[in-house]
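Below is one structure; the comments refer to it alone.
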Amino acid sequence: MSESEAGIGAPGAILNADTPLAGLDFLREAVVTDLRSGRFDRVATRFPPEPNAYLHIGHAKALWIDYGIAQDFGGTFNLRFDDTNPSKEEQEFVDAIIEDVRWVGADWGDRLFFGSDYFEQMYEWALDLIRKGVAYVCDLTPEQVIEMRGKPTEPGVESPYRGRPVEENLDLFQRMRAGEFPDGARTLRAKIDMSSPNMNMRDPIMYRIRHEDHHRQGSKWCIYPMYDWAHGLEDSIEGITHSMCSLEYENHRPLYDWFLDQLGIYHPRQIEFARLNLTYSVMSKRRFIELVNGGYVDGYDDPRLVTLAGLRRRGYTPEAIKDFCGRIGIAKTDSVVEMAVLEDCIREDLNKRAPRVMAVMDPIRVVLTNYPEGQTEEMDVVNNPEDPDAGTRKVPFARELYIERDDFREDPPPKFFRLAPGREVRLRNAYFIKCEEVVKDASGEIVELRCTYDPETRGGDAPDGRKVKGTLHWVAAHEALEADARLYNHLFTKPDPDDVDEGKDWFANINPDSVVRTTCFVEPSVRGAAPGTRYQFERLGYFCVDSDSTPERLVFNRTVTLRDSWSKIAKR
RNA sequence: UGCCGAAUAGCUCAGUUGGGAGAGCGCCUGACUCUGGAUCAGGAGGUCCUAGGUUCGAGCCCUAGUUCGGCAGCCA
């Protein structure tokens, strides 16, 4: 790549070699230090997903580290698929990952790469190492390799094939590539140190034989490079300066460095950071699969999952996810972030942007006895008090309404400011109403509230200056739209899903009420809303139109509730 | 009984010439309000892992230890 396209000081750069270290996270601090020392004179990062699963919020953290650092320093950013294993990787995941990365807002421009495109170069370099006498073809079986690798506390045993002459290694390796040997028959190994305290240095395998088609290379190859061998080479080829990865690769760094040093090629710097964990959730491919296959969730984009596809369907915005990634910081400490932080991020974003609308989840009928039969009117309602540009809309009002069952108590407890017999409240954006009579059915269930309204209070204020303590949301019974609602809660009942009694597994902590499917009545203004449209249902929470919606019937996903101080009071 | 790494508020993180222990989220209280929302104000909460040492003075420097995490795929 040219220096000019990756130069420091590109438009928008906010960090450079002269930036004071104080206050920077340790990764940015390392980059500044490398710029000052002259180890690098530019910044180039990459996000290297393996196309074998869907991305989750933890990937978003890594992505915003990689992309964010490139942005901050005016450097370049590559999206690179690390597709070195043919048996696990599929085009479907490539497409899904590209969609997710684009959605969260990282821009790789034309810098989309595939590790598999470098296979030929990697092969040539492998030949180099064989010629240098630091790589050899090994005929040990997988079982023997494991056996002879030893344990962390015990040295391994050298392979009997370790001393194979260079010419024989060259011949065998070429024949491996030519397809002369079956899967697993031989490997190419680096000749390092079988007694190294670092297991990764005990003659790691560079190539394995796999007679399988590759999603991009087709049947061209039957030997495939291992991660440790491939990753540093990919970084080197692309001119990456800082190769950020998670803590689990810390023990792999000596090997990353070893390959590059042996080859004598351009040498990027690998730095590790702690991966993200979130309370009340799981974050691994394996567990997502188990949840999907076990029928606990409805797919990888189930709104209860913290996959990016799930969060998107739940109603999360890219801005909220980016904000979250910024808030949680970067460090090397193993950590578990509280879900409340993520929830705060989406509330903060949606509070500014989501139009407000009224919807009733659990209706109770209100009849305004002094409101003329057959009359209706339209109230002018502000769409978003936080955003004057959001405008207004008309909301129909009528003699028969629905309010939330929770908003009425026959025998109200202290500090309950909502409707009760003889009490007056305000219907939001409409009138004051007073409850005159409670109508019950034979079983004692309340079926209707008979109320009077004060025509003088149209719009919500009383000319005589009298105040009410409560304001309720409502919908006009005959004009409301009936819709499905999916009320999502934490997927797990405990902050740590692995916190289980002896003999039980994490499935025992799955929340049986992680989704409550119900119906609701929504004001007619939402008719025809497209999937993905987000609203605040006043006093209830933020909701997003689900892709299961049809022209006839909308489906709403509850993204997150509003903060609710009453529920805390009520618990006491 | 190996190697690598980590440790500051409930959680996540700042604290960089060695001199006042901080922020966000969470929690509590109050004000305000046509969302019990939003907003605003205030509060509680710390053996800076421990013990020694250097220093007039240590979260920060040195030594030893403790606890926790990672490493034994032909996965990444």
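Residue numbering restarts at 1 for every chain, and letters A, B, ... go by the order of the sequence lines.
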Parallel, tilted or perpendicular, as decided by the 30° and 60° cut-offs, for the rings of [Y] and [X]:
X	Y	result
A/Phe114	A/Phe81	parallel
A/His490	A/Tyr280	parallel
A/Phe543	A/Phe556	perpendicular
A/Phe416	A/Trp566	perpendicular

- Item | Near-strand residues of residues 147-155 of chain A, defined as heavy-atom separation under 4.0 angstrom from RNA chain B |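 When residues 147-155 of chain A is checked for heavy atoms under 4.0 Å from RNA chain B, the hits, listed by number, are A/Arg149, A/Gly150, A/Lys151, A/Pro152, A/Thr153.
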Atom [atom1], compared across [N] and [M]: separation rounded to whole Å:
N	M	atom1	result
B/rC61	B/rC28	C1'	40 Å
B/rG26	B/rA41	P	16 Å
B/rG24	B/rG15	C1'	15 Å
B/rU55	B/rC13	C1'	30 Å
B/rG59	B/rU54	P	16 Å

Calculate the interatomic distance between [X] atom [atom1] and [N] atom [atom2]; express it in whole Å.
X	N	atom1	atom2	result
A/Asn198	B/rC4	CG	P	9 Å
A/Met201	B/rC71	CE	P	18 Å
A/Tyr249	B/rG69	OH	C1'	17 Å
A/Arg36	B/rU16	CZ	C1'	10 Å
A/Asp228	B/rG73	CG	C1'	11 Å
A/Asp183	B/rG73	CG	C1'	15 Å
A/Leu247	B/rG69	CG	P	13 Å

Indicate yes or no: does [X] engage [Y] in a salt bridge with an N to O separation below 4.0 Å.
X	Y	result
A/Lys394	A/Asp380	yes
A/Glu319	A/Lys352	no
A/Asp66	A/Arg80	no

- Query: Centre of A/Tyr224's six-membered ring, under 6.0 Å away, within 45 degrees of the axis: is that where NZ or CZ of A/Arg210 sits?
  - Reply: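 Output no; distance or angle outside limits.
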- Within 45° cone and under 6.0 Å: A/Arg177 NZ/CZ vs A/Trp221 ring: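 Ring-cation test returns yes.
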Under 4.0 angstrom between [X] side-chain N/O and [N] OP1 or OP2:
X	N	result
A/Ser567	B/rG36	no
A/Ser565	B/rG37	yes
A/Ser87	B/rC75	no
A/Arg208	B/rA76	yes
A/Arg210	B/rC75	yes

- Of A/Arg539 and A/Ile146, the one whose closest nucleotide on RNA chain B sits nearer the 5' end is A/Arg539
- Starting from the 5' end of RNA chain B, give me the residue, A/Tyr207 or A/Asp461, whose nearest nucleotide shows up first. A/Asp461
Counting only N and O atoms by type, is there a donor-acceptor contact under 3.5 Å from the side chain of [X] to the main-chain atoms of [Y]?
X	Y	value
A/Arg418	A/Leu472	no
A/Thr279	A/Glu338	no
A/Arg426	A/Gly460	yes
A/Lys434	A/Asp454	no

Under 4.0 Å, counting only non-hydrogen atoms across every strand here, what does [X] touch: a base, just sugar-phosphate, or nothing?
X	value
A/Glu50	sugar-phosphate
A/Gly23	sugar-phosphate
A/Val468	nothing
A/Gln536	base
A/Met358	nothing
A/Leu140	base
A/Glu250	sugar-phosphate
A/Phe324	nothing
A/Glu29	base
A/Leu540	nothing

- Would you sort out whether A/His252 and A/Tyr256 count as a ring pair (Phe, Tyr, Trp, His ring centres under 6.0 Å), showing the intermediate values? CA-CA 6 Å; A/His252 294 246; A/Tyr256 180 100; over 10 Å; no
- Pair pattern of RNA chain B in dot-bracket, where unpaired bases get dots and | marks partners in another strand, Watson-Crick or G-U under 3.5 angstrom: .((((((..((((.....[..)))).(((((.......))))).....(((((..]....))))))))))).....
- Item | Contact state string [nucleotides 19-26 of chain B, B base, S sugar-phosphate only, - no protein heavy atom under 4.0 Å] | ------SS
- Query: Counting side-chain heavy atoms from CB outward, which of B/rG36, B/rC74, B/rA76 is closest to A/Tyr227?
  - Reply: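 Shortest atom-to-atom distance from the side chain points to B/rA76.
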- Message: Measuring from the side chain of A/Asn251 (C-beta onward, heavy atoms only), which nucleotide among B/rA76, B/rC71, B/rC13 has the closest atom?
- Response: B/rC71
